[in-house]
Amino acid sequence: MSNKLVLIDGNSIIYRAFFALPLLNNDKGVYTNAVYGFTTMLLRILEEQKPTHMLVAFDAGKTTFRHSTYKEYKGGRQKTPPELSEQFPLVKELLDKFNIKHYQLDQYEADDIIGTLAKQGNEQQWDVSVISGDKDLLQLVSDSVTVNVTKKGISDVEAYTPSYLLEKMEITPEQIIDLKALMGDSSDNIPGVPGVGEKTATKLLKQFKTLEEVYEHVEEVSGKKLKDKLINHKEDAFMSKELATINRTSPIEISLEDLVYTGYHPNQVSTIFKDLGFQSLLERIGVEGESEEEKAELEALDFSIVDEVSKNMFTGEDALVIEMLVDNYHKTPIEGIGLVNHSGAYFIPTEVAAASKEFKTWAEESSNKKVVFDAKKTLVALLKHDIHLKGINFDMLLASYLLNPSENNHDIPAIGHRFGKKGILFDEEVYGKGAKMKVPEESVLADHIVRKTNVLFELQAEMEKQLEDNEQLELLKELEMPLALILGEMEHTGVQVDIDRLEEMGSELKERLDEIEQRIYEIAGERFNLNSPKQLGPILFEKLKLPVIKKTKTGYSTAADVLEQLENEHEIIPKILLYRQLGKLQSTYIEGLLKVVDKQTSKIHTRFNQALTQTGRLSSIDPNLQNIPIRLEEGRKIRQAFVPAKKDWIMFAADYSQIELRVLAHIANDEKLISAFKNDLDIHTQTAMDVFHVEKDEVTSNMRRQAKAVNFGIVYGISDYGLSQNLGITRKEAKRFIDRYFESYPGVKQYMEDIVQEAKHKGYVTTLMKRRRYLPEITSRNFNLRSFAERTAMNTPIQGSAADIIKKAMIDLHEKLLDEKLQARILLQVHDELIIEAPKEDVDSLKEIVPAMMENTVELNVPLKVDYAYGSSWFDAK
DNA sequence: TTCCTCACGC
DNA sequence: GACGTACGTGAGGAAT
């Protein structure tokens, strides 16, 4: 088998990579973009070329033998940026891990090392491949030496063989040197002959073959000016030739045999990849058995697998982890339980804990403090085993969320890594993912769970300290943690669903949908997949020749706002809109809800995600009960299926009226806005009066609609563009509305300006209850990123404070219902409203209690106002 | 699986 | 003047 030698021009590739890629850095703040680019290139070469011998050559230092010929050689170059310099040692370290030789030689450049070895390889008739970003190296091309030059960026190379070179540049490899001699090279400061560029040089070489020949026959050169220049700069030309010539007999101290390459060990490489933060490359090197390997590296952790729980395992300050493999803890079995405290670490198999009286006693005693990860999940999971967990003292999930909501991974291993705890694997590494996910054998499972519990135990103090520094400890302990328990109860209680009612609506819908669908096919003259915008687009805009209003990345847009503009153009449009509307009801709400109803109890148990949104709001999943239709009557009927769990009970719904705008009035301390709310005016009408400068009775419904959209925009932090889309007006008009709004409410304008400054100064904004949102992009030079951050700075204190308020109201109300010994219970929260179920006879009490608790939970300089209603279903509570 | 488009709520 | 524009969840189709 013939040998394959790969020679890489290290400097050239690293420079290319550095300038081609954005300035990435890893979690330690080390710049890695050039290393990353170099590594991707390296991996590709290893895969594609399968070298038997390999070397990466580097330039040695400032001066080379060429400087004695011409001291200006490479003069005028920009200094290498420090962000790049620091990456060279990293590349060399990386090469060591790959078992790839690298070499540099004093007074010589990488080119010369490569030239010398390429020549040796050529003589041995090896297959030689050179990789560089520099076309100078093309002089090395021969039948057995291929030179690969990176094209723009580093992702692609162009392989030069003698014939390709001839085709592309119309010259031979040897002539590359002559070409350089004539045209020079500004990047290396090689002078060449002034006025001779690539075109002229190529022409001359085609005619005379070599530089020497050119000068021997210089009289035959056509064009007087060119001739004169050649004659006048003869010395420059020959010096340039000398400079451009790669030395193929450098005094290197290595031989071809030293370059033997036998492959790398993925584990050795994976360590440095992890240090550098090259997660995406780990897979590429096939670190499959990573969990096994990694585990071997983890320090052993002592723990016992418990077969009987005993009192003396507990200290009264214990970390507890309830492990489940699937996120839906309402219907997922517990895989095992971890317990760590000052005196020991334990793995308790689920059935051992479930059967243990000792465990239940410990768990239910509130004076036993528990450190947990995700109090709500822990609580709900144990409730299913009839264990009522009390005494939760710290919730790491919520703590991590409060410290930085923009962190999107809050599981224990991720938090552990962020806080420098390395002795832990990610769940995915232990359990696998997707179809390959499975429970490992008990010893592996137990080890992983105990490690997690250990991280939890060890990090509590540090995280509390950080929260304390941020003045957020109260937010955690007095707001989010108590709320978690209430949410847990709400989820566990669930909402009763009238399945028959849903199915009835479903079959009605099905009939109507079938009918509309058939009618649409008739009008279109063909059958197609109506749910596919990709298929619908051509039908509407090609076959029926409707005007194209908007395009998406993949074709014509058929979104509702587009179709609405075409409503009167063709009879098919309203039918499609109706089909979409009803189809949504059918698939998401009827079928979707039926899928998640507990067949035994006919109840739905959503999960409120308390550690997700950037503003502090909750979200609801599996199913989402925060987006049940209400705007259109047809959809609103879905709410008829949400009913009280018990006979003679009612649904009671209470919602804050304009809570965000009231919060804005308070935070901005805007006199006009405050007085509008103090006088309990219709805020949209008031805004219309102020923006359009009209009296109350002159406000038309259209003016009010526009004013409402402006208020909406203020609350949600949308841009002039967003407002223009909302109102179907131009961006300029939208901007005028916003300007007028600010003229009317100078306090609001001042607040908006101040909060942006504050965000720039501190790097974050806060809410009423000290929730934080970091906005690093507020200082970005990118207009979009910065604008977005600015709008976020304005909006988050408003939305976030409103979220704080309703959260506190839930705690107050929950406590009050207990105090009053009412059976009423909160079922759902939908951002500004609470859904409660209660016995009929509690209604009078609720009418008093609920608004009172919600309105008085905080005191602002405007009143909070709560509206309420009740009835025999959620639909009727309107 | 993952991405895109669409649609529902606040 | 560019850029791509409140936050969420979920369904279905299409490309991988």
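Not measured: the values here are computed from a predicted model. Only heavy atoms go into these numbers, but all of them, side chains included; no hydrogens, no water, no symmetry mates. The sequence lines fix the lettering, A, B, ..., with proteins before strands; numbering per chain opens at 1.
A:Gly583 comes within 4.0 angstrom of no nucleic acid atom, judged by non-hydrogen atoms across all strands. Looking at heavy-atom distances under 4.0 Å, A:Glu660 makes no contact with the nucleic acid at all. Base engagement by A:Ser719 is indicated by at least one non-hydrogen atom pair under 4.0 Å involving a base atom.
In terms of the salt bridge (Lys or Arg N to Asp or Glu O under 4.0 Å) criterion, residue partners of A:Glu48 (sequence neighbours excluded) are, by chain and number, A:Arg44. Partners of A:Glu591 under the side-chain contact (heavy atoms from CB on, under 4.5 Å) rule, at least two apart in sequence or in another chain, are A:Gln586, A:Ser587. Applying the side-chain hydrogen bond (donor to acceptor under 3.5 Å, both in side chains) test to A:Arg662 and every residue at least two apart in sequence or in another chain returns nothing. Qualifying salt bridge (Lys or Arg N to Asp or Glu O under 4.0 Å) partners for A:Asp682, counting only residues two or more places apart in sequence or in other chains: A:Arg704. A:Glu855 pairs by the side-chain hydrogen bond (donor to acceptor under 3.5 Å, both in side chains) definition with nothing, not counting sequence neighbours.
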Give the B/S/- string for nucleotides 11-16 of chain C, one per nucleotide from 5' to 3', where a protein heavy atom under 4.0 Å of the base yields B, of only the sugar-phosphate yields S, and otherwise -. SSSSS-
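Around NZ of A:Lys438, the count of heavy atoms belonging to other residues, nucleotides or ligands within 6.0 Å does not exceed 12.
The distance between atom CD1 of A:Ile638 and atom P of C:dT9, rounded to the nearest whole Å, is 20 Å. Whole-Å rounding puts the A:Leu594 CG to C:dG10 P distance at 16 Å. Following rounding to the nearest Å, A:Asp832 (CG) and C:dG8 (P) show an atom-to-atom distance of 17 Å. Remark: P of C:dC7 and CD of A:Gln610 are 21 Å apart, rounded to the nearest angstrom. In this structure, A:Gln614 places its CD atom 11 Å from P of C:dT9, rounding to the nearest Å. Atom NE2 in A:His831 sits about 10 Å away from atom P in C:dG8, given to the nearest Å. Atom-to-atom, CG of A:Asn408 to P of C:dG8 comes out at 11 Å; the value is rounded to the nearest Å. When rounded to the nearest whole Å, the span between CG of A:Leu593 and C1' of C:dG10 equals 11 Å.
A salt bridge (charged side-chain N to carboxylate O under 4.0 Å, His left out) check over residues 605-619 of chain A, counting only residues at least two apart or in different chains, returns the pairs A:Arg607-A:Asp622, A:Arg617-A:Glu660. Sorted by first and then second residue, the ring-ring contact (aromatic ring centres under 6.0 Å, His included) pairs involving residues 763-804 of chain A (not counting sequence neighbours) are A:Tyr764-A:Tyr774.
A:His605 and A:Asp598 share no side-chain donor-acceptor pair at under 3.5 Å. Defined by atom type and a distance below 3.5 Å, a donor-acceptor pair is missing between the side-chain atoms of A:Arg501 and A:Ser873.
Going from the C1' atom of C:dA2 to that of B:dA7 covers 30 Å, rounded to whole Å. When the P atom is compared between B:dC8 and C:dC3, the two are found 31 Å apart, to the nearest whole Å. When the P atom is compared between C:dT5 and B:dC10, the two are found 23 Å apart, to the nearest whole Å.
A:Arg519 has no carboxylate O lying under 4.0 Å from a charged side-chain N of A:Glu515, or vice versa, which leaves the two without a salt bridge. The pair A:Arg771-A:Glu480 meets the salt-bridge criterion, with a side-chain N (NZ, NE, NH1 or NH2) lying under 4.0 Å from an Asp/Glu carboxylate O. Taking a cutoff of 4.0 Å between a charged side-chain nitrogen and a carboxylate oxygen, A:Glu634 and A:Arg512 qualify as a salt bridge. Using a 4.0 Å cut-off between charged side-chain N and carboxylate O, A:Asp804 and A:Lys808 make no salt bridge.
For the segment residues 616-632 of chain A, residues with any heavy atom less than 4.0 angstrom from an atom of DNA chain B are, sorted by number, A:Arg617, A:Gln626, A:Asn627, A:Ile628, A:Pro629, A:Ile630, A:Arg631. Looking at residues 775-807 of chain A, you'll see A:Phe783, A:Asn784, A:Phe788, A:Arg791 sit with a heavy atom under 4.0 Å from some atom of DNA chain C.
Close approach of DNA chain B to chain A, defined as any atom under 4.0 Å from a non-hydrogen atom of the protein, starts and stops at B:dT1 to B:dC10.
The only option from A:Thr615, A:Asn795, A:Thr796, A:Thr613 that meets the side-chain hydrogen bond (donor to acceptor under 3.5 Å, both in side chains) definition with A:Arg773 turns out to be A:Thr796.
Secondary-structure annotation of DNA chain C gives the stems B:1-9 with C:7-15, with a stem taken as at least 3 successive Watson-Crick or G-U pairs whose two distances both fall under 3.5 Å.
Closest approach of A:Met651 to A:Ile835, counting heavy atoms only: CE-CG2, 4.1 Å.
Rounding to the nearest 0.5 Å places CE of A:Met794 at 6.5 Å from CE of A:Met752.
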